[in-house]
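Note on naming: letters A, B, ... go to the chains in the order of the sequence lines (proteins, then strands), and numbering restarts at 1 for each one.
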There are 2 protein chains.
Amino acid sequence: MGHSQEDKRGNHERIVSIAARQFRERGIDGASIADLMKEAGLTHGGFYKHFASRDELVLEAMQHAFDSSARQQGSGAPTGKLTFASLVEAYLSPRHRDDPGTGCAVAALASDVGRAGRDVRSAYTGQVRRSIDALRHLSGADDDPDGRRASVVALCVMAGALGLARAVDDDALSREVLESASQFLLGQSDEDENEDAPRA
Amino acid sequence: MGHSQEDKRGNHERIVSIAARQFRERGIDGASIADLMKEAGLTHGGFYKHFASRDELVLEAMQHAFDSSARQQGSGAPTGKLTFASLVEAYLSPRHRDDPGTGCAVAALASDVGRAGRDVRSAYTGQVRRSIDALRHLSGADDDPDGRRASVVALCVMAGALGLARAVDDDALSREVLESASQFLLGQSDEDENEDAPRA
DNA sequence: ATTATCTATAGATCTATAGATAATGC
DNA sequence: ATTATCTATAGATCTATAGATAATGC
């Protein structure tokens, strides 16, 4: 058991990081402090020396999730450059669908935030604004007068498709949702790039 | 305190109806049996003579919510005929946004269902299929080969926009989300029908 | 001496069950 | 006699706090 101030900073960061994942996976109310602390290798009693309340952790964890989304996108695609197409493809991939813990917090927490308190909703709203702006910029519609509206619609499609694909209990339907949304956003131009077996 | 079998049927139905509303408002885990029974005018102990388990209620309540959505749409718009446009306008209205308890359960429960058990996910999946079919039929795209995909996208836009509009803590942005989605789905043809004051 | 963490526990829920009570319905 | 509901409670969480323990850091 370490006790230095440096250890404390590390522990604090680890708790926030674990919370950011568990809130996305289990819902804001579904993750418990005891579980979080256990996974961080600590006991639940120590929690309140790191955070004044559970709500304070929720805010920090949400911010952490938003920041790491921005960082992921900042680092771009494997090749180094992030395009609208590469973002949409990654966002609407089965990989993202199956890993909500490290994925988009806007989609994962939408309905939880709708029932949450003032501060949480305010922080979430900021991220929605940033997401709309990022989509508009990426799609090269900064000058298009209809670009703003198209970006709002794109965010709705992306978050809606991800939510439905995660809820649905049939892999074929779930993939159809992801692919329909993807084809719509990419202008029907990506055909069957992700098929396991090329046809004919 | 009534004890007849007819009373029991009435109580059962009332519990399910209240649950259908509370699950949509508070989330599947957010509503408690004691609260439900209290609102039904009963004590919590009697719950298990109506349902074998909480999960059984969740299933019945979800089915009830799906049925009442279908009934609302079956009865159509005020004039009696339901069109794609009237459905979209009602769905993406501030009224629907502000009343999740009587609204679309597909949108309200998506993220809860993603974390739920087999039976709940299976029932939800059925309703997603029916919703896609209904949208395709209403939009008159039964014969259009791309109609299926368009209907899937429409459902994503509707559920996604509703979820984001409910989460966001700024009425202007929330309305922009609803209106952008609505204008997209209605082909930019509805201008400012819902404005409080006509311009100029 | 200070402080980061741990142990123990209070107080509030929540699901579920057992047994009592008071109606129904043969 | 049967049964729909109520009272009471067991057992499992969960948030939050108080006080003990064992390090750090002057």
Side-chain angles (χ1 to χ4, degrees), chain A residues 1-62 109 112 115-120, chain B residues 1-62 109 112 115-120:
Chain A
M1 62 180 78
H3 285 63
S4 74
Q5 291 178 12
E6 195 185 329
D7 284 342
K8 189 182 185 185
R9 274 194 300 276
N11 285 339
H12 186 100
E13 223 173 300
R14 200 161 70 259
I15 296 167
V16 171
S17 170
I18 291 167
R21 183 172 53 70
Q22 287 204 6
F23 286 143
R24 281 177 281 188
E25 284 174 358
R26 309 182 188 182
I28 291 179
D29 292 338
S32 80
I33 291 173
D35 269 7
L36 291 169
M37 294 298 277
K38 193 174 194 177
E39 191 175 327
L42 300 168
T43 55
H44 63 280
F47 177 84
Y48 292 91
K49 293 295 194 279
H50 286 279
F51 307 94
S53 68
R54 189 184 193 281
D55 281 345
E56 197 172 294
L57 170 67
V58 172
L59 259 180
E60 275 195 48
M62 247 182 43
L109 302 180
D112 287 326
R115 301 165 193 134
R118 222 190 68 228
D119 292 349
V120 167
Chain B
M1 63 179 78
H3 286 63
S4 73
Q5 292 178 12
E6 196 185 329
D7 284 340
K8 188 180 186 187
R9 274 194 301 275
N11 285 339
H12 186 100
E13 222 173 301
R14 202 163 67 261
I15 297 166
V16 170
S17 170
I18 291 167
R21 182 171 54 71
Q22 287 205 5
F23 286 144
R24 279 176 283 187
E25 285 175 358
R26 310 183 187 182
I28 291 180
D29 291 338
S32 80
I33 291 173
D35 269 8
L36 291 168
M37 294 297 277
K38 193 176 195 176
E39 190 175 329
L42 300 168
T43 54
H44 63 278
F47 177 83
Y48 292 91
K49 293 294 195 281
H50 285 280
F51 307 94
S53 68
R54 190 182 193 281
D55 282 345
E56 197 173 293
L57 171 67
V58 173
L59 259 180
E60 275 195 48
M62 248 183 42
L109 302 179
D112 287 325
R115 300 164 194 135
R118 220 190 68 228
D119 292 349
V120 167

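- We find that CD1 of A:Ile33 is positioned 15 Å from P of C:dC6, with the value rounded to whole Å.
- Between B:Leu57 and B:Ile15 the shortest side-chain heavy-atom distance falls below 4.5 Å.
- Taking B:Phe51 as the reference, B:His12, B:Phe47 meet the ring-ring contact (aromatic ring centres under 6.0 Å, His included) condition, with sequence neighbours excluded.
- A stem is defined here as three or more consecutive Watson-Crick or G-U pairs, each with both distances under 3.5 Å; for DNA chain C these stems are C:1-24 with D:1-24.
- Between the CG atom of B:Asp7 and the P atom of C:dA22 there is a distance of 17 Å, rounded to whole Å.
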Atom pairs, protein N/O to nucleotides 7-13 of chain D N/O, distance under 3.5 Å:
residue, atom, partner, partner atom, Å
D:dT9, O4, B:His44, NE2, 3.4

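- In this structure, B:Gln5 and B:Gly30 both approach DNA chain C, and ranking their closest nucleotides by distance from the 5' end singles out B:Gly30.
- What separates CG of B:Leu42 from P of C:dT21 is a distance of 20 Å, to the nearest Å.
- A pairwise comparison of heavy atoms in B:Ala20 and B:Ala61 identifies CB-O, 3.5 Å as the closest pair.
- Residues meeting the side-chain contact (heavy atoms from CB on, under 4.5 Å) test with B:Ser53, sequence neighbours left out: B:Asp55, B:Glu56.
- Following rounding to the nearest Å, A:Lys38 (NZ) and D:dC14 (C1') show an atom-to-atom distance of 14 Å.
- Counting only residues at least two apart or in different chains, ring-ring contact (aromatic ring centres under 6.0 Å, His included) contacts with residues 19-45 of chain A are absent.
- Protein atom CE of B:Met37 is 13 Å distant from nucleotide atom P of D:dA4, rounded to whole Å.
- Within residues 49-61 of chain A, the residues having any heavy atom closer than 4.0 Å to DNA chain C are, in order of number, A:Lys49, A:His50.
- For the pair A:Arg9 CZ and C:dT5 C1', the computed distance is 17 Å after rounding to whole Å.
- A straight line from NZ of A:Lys8 to C1' of C:dC6 spans 14 Å, rounded to a whole angstrom.
- When the side-chain contact (heavy atoms from CB on, under 4.5 Å) test is applied to B:Ser17, the partners found at least two apart in sequence or on another chain are B:His64.
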Name every donor-acceptor pair, under 3.5 Å, that has one atom in a side chain of residues 30-40 of chain A and the other anywhere in the protein, sequence neighbours excluded.
residue, atom, partner, partner atom, Å
A:Ser32, OG, A:Asp35, N, 3.2
A:Asp35, OD2, A:Arg26, NH1, 3.0
A:Glu39, OE1, A:Arg21, NH2, 3.3
A:Glu39, OE1, A:Gln22, NE2, 2.7
A:Glu39, OE2, A:Arg21, NH2, 2.1

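- The two residues A:Val120 and A:Ala116 come nearest to each other via the heavy atoms CG1-CB, 3.7 Å.
- No side-chain heavy atom of B:Asp29 sits less than 4.5 Å from a side-chain heavy atom of A:Asp29.
- Contact detail for A:Ile28 and A:Arg54: the closest heavy-atom pair is O-NH2, 2.8 Å.
- Under the 3.5 Å distance criterion, the side-chain polar atoms of A:Lys8 are left unmatched by any main-chain donor or acceptor of A:His50.
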